[in-house]
Amino acid sequence: MRRHPCRGEAGGEVTAAPSERGAEVGRRIGVGLMYGLWKPRVLGAWKVPATGPVILAVNHSHNVDGPMVMGTAPRPTHFLIKKEAFVGPLDRFLRGIGQVKVDRDIADRTAITRALGILDDGGVLGIFPEGTRGEGNFASLRSGLAYFAVRSGAPIVPVAVLGSTEKRGRLIKGLPPLRSRVDVVFGDPFEAGDSGGRRTRKALDEATVRIQERLTAHLDDARRLTGH
């Protein structure tokens with residue numbers, strides 16, 4: 001698949017679009033780290049479409065959630081990650097593994113263009129729809145997920161990461177205990193938009209409501225399934 005360059009507001013080329021090859025490198029690193037440090041139990045990964053654009057909508061309650069999904073998803077994933085994480089050596093590393101920097105305080109056109117480019121090229125975009133780390137229960141969704149889903153037509157696959165916050169590690173309190181189990185549950189893909197293909201503000205608001213209902217239902221099912 002061809003990756004096209006992203007362009008800034010004035011039409012000039014900014015940087016190369018996030019590469020799928022880089023995301024695959026990130027996936028392999030994630031596999032090594034996540035399965036080396038913890039014991040992921042992955043359920044429903046087969047539900048992720050094998051080809052074509054897909055959006056993974058992940059609950060977010062812990063720093064390890066993104067890397068855990070990168071290491072357990074069956075396809076390379078490009079996550080939208082807050083710009084504050086792109087500091088020092090991490091900046092080059094995150095860009096190198098195909099992740100997308102986003103400024104959450106503005107309508108970040110560069111990030112939007114890159115994210116849509118990933119989907120246009122048939123890639124996998126990972127989003128924390130709550131916008132920031134919190135309870136991880138999908139109680140408060142931002143409209144960004146609905147925009148990307150409706151704009152691209154890509155199906156959404158809900159993902160629940162459970163067990164990452166139940167205990168604190170002894171060596172590093174900000175991480176789950178080493179070799180503890182973390183469950184990653186992938187749900188059934190669904191379309192966010194309506195049959196009319198509308199992209200109005202009202203349509204996006206309605207899509208956000210539908211998305212929240214589906215994500216909350218998946219989280220409830222995942223908790224019953226895993227016992228968390």
Side-chain angles (χ1 to χ4, degrees), residues 18-82 85 90 93-94 96-100 115 118-119 122-130 133-138 145 154-167 169 172 174-190 214-215 217-228:
S19 73
E20 185 170 0
R21 179 179 297 180
E24 173 60 22
V25 171
R27 190 185 74 84
R28 293 180 182 182
I29 293 174
V31 169
L33 287 177
M34 297 304 105
Y35 283 91
L37 297 176
W38 295 284
K39 295 180 179 180
R41 181 173 64 167
V42 184
L43 304 174
W46 57 270
K47 297 180 180 180
V48 178
T51 60
V54 179
I55 299 173
L56 301 183
V58 186
N59 69 320
H60 195 23
S61 57
H62 202 287
N63 284 327
V64 80
D65 296 336
M68 184 63 68
V69 172
M70 288 180 63
T72 57
R75 294 174 59 186
T77 304
H78 307 265
F79 266 97
L80 283 173
I81 300 176
K82 62 183 181 180
L90 274 179
F93 172 73
L94 291 173
I97 61 171
Q99 306 310 294
V100 182
I118 289 167
L119 296 172
V124 181
L125 181 67
I127 295 180
F128 299 114
E130 295 161 290
R133 193 169 69 251
E135 295 298 322
N137 57 6
F138 296 124
L145 174 55
I156 296 173
V157 172
V159 186
V161 181
L162 302 170
S164 61
T165 61
E166 293 179 358
K167 296 180 181 180
I172 305 176
L175 296 176
L178 296 180
R179 307 307 299 157
S180 63
R181 195 184 82 192
V182 178
D183 290 326
V184 184
V185 187
F186 294 85
D188 295 315
F190 66 92
R214 293 293 296 266
L215 297 187
H218 171 67
L219 185 59
D220 290 341
D221 289 342
R223 283 172 171 163
R224 285 192 293 270
L225 183 64
T226 62
H228 287 288

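All residue numbers refer to positions in the sequence shown, counting from 1. What you see is a predicted model, and the numbers here were worked out from it, not measured in a lab. What you see below is based on every heavy atom in this structure, not just the backbone, and it leaves out hydrogens, waters and symmetry mates.
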Discussion item. Which residues pass the side chain to side chain contact (heavy atoms under 4.5 Å, CB included) test with A154, not counting sequence neighbours?
Written reply: P53, I55, L119, S152

Worksheet item: Would you find a donor on one side and an acceptor on the other, under 3.5 Å apart, between the side chain of R75 and the backbone of G123?
Response: no

Worksheet, complete the sentence: Sorted by chain and residue number, the ring pair (Phe, Tyr, Trp, His ring centres under 6.0 Å) partners of F186 (sequence neighbours excluded) come out as none

Fill in: Closest approach of P158 to I156 (non-hydrogen atoms, all atoms of both residues)
CD-O, 3.7 Å

Discussion item. With heavy-atom distances below 4.5 Å as the criterion, would you say the side chains of V64 and M34 are in contact?
Written reply: yes

Worksheet item: Do I29 and L33 come close enough that some side-chain heavy atom pair is under 4.5 Å?
Response: yes

Practice prompt. Name all residues meeting the side chain to side chain donor-acceptor pair (under 3.5 Å) criterion together with R28; count only those two or more places apart in sequence or in a different chain, and write none if there are none.
Written response: E24

Worksheet entry | Within-4.5 Å side-chain heavy-atom neighbours: P49 and V157 | yes

Worksheet item: So, for N59 and D65, which heavy atoms are closest and what is the spacing to 0.1 Å?
Response: O-OD2, 3.8 Å

Fill in: Over all atoms of both residues, closest heavy-atom pair of L125 and A115
CD2-CB, 3.8 Å

Worksheet item: Between R27 and M70, which heavy-atom pair has the shortest distance, and what is it?
Response: CG-O, 3.2 Å

Discussion item. Just to verify, what does K47 make a salt bridge (charged side-chain N to carboxylate O under 4.0 Å, His left out) with, not counting sequence neighbours?
Written reply: D188

Worksheet entry | Heavy-atom pair of closest approach, residues M68 and V184 | CG-CG2, 3.5 Å

Worksheet item: Looking at H228 and T226, what are the two nearest heavy atoms and their distance?
Response: CD2-OG1, 3.0 Å

Worksheet item: Does W38 use its side chain to pair, donor to acceptor, with the backbone of V182 at less than 3.5 Å?
Response: no

Worksheet item: Under 3.5 Å, is there a donor-acceptor pair between the side chain of E20 and the main chain of I118?
Response: no

Response to the item:
Taken in chain and number order and not counting sequence neighbours, the residues that satisfy side chain to side chain contact (heavy atoms under 4.5 Å, CB included) with R21 are S19

Fill in: Contact check, side chains of L162 and L219, non-hydrogen atoms, under 4.5 Å
yes

Discussion item. List the residues meeting side chain to side chain contact (heavy atoms under 4.5 Å, CB included) with R179, not counting sequence neighbours, and say none if there are none.
Written reply: K39

Fill in: Close side-chain approach of D183 and L43, heavy atoms under 4.5 Å
no

Fill in: Nearest-0.5 Å distance, CD1 of residue I97 to OG1 of residue T77
10.5 Å

Fill in: Minimum side-chain heavy-atom gap V69-F128 below 4.5 Å
no

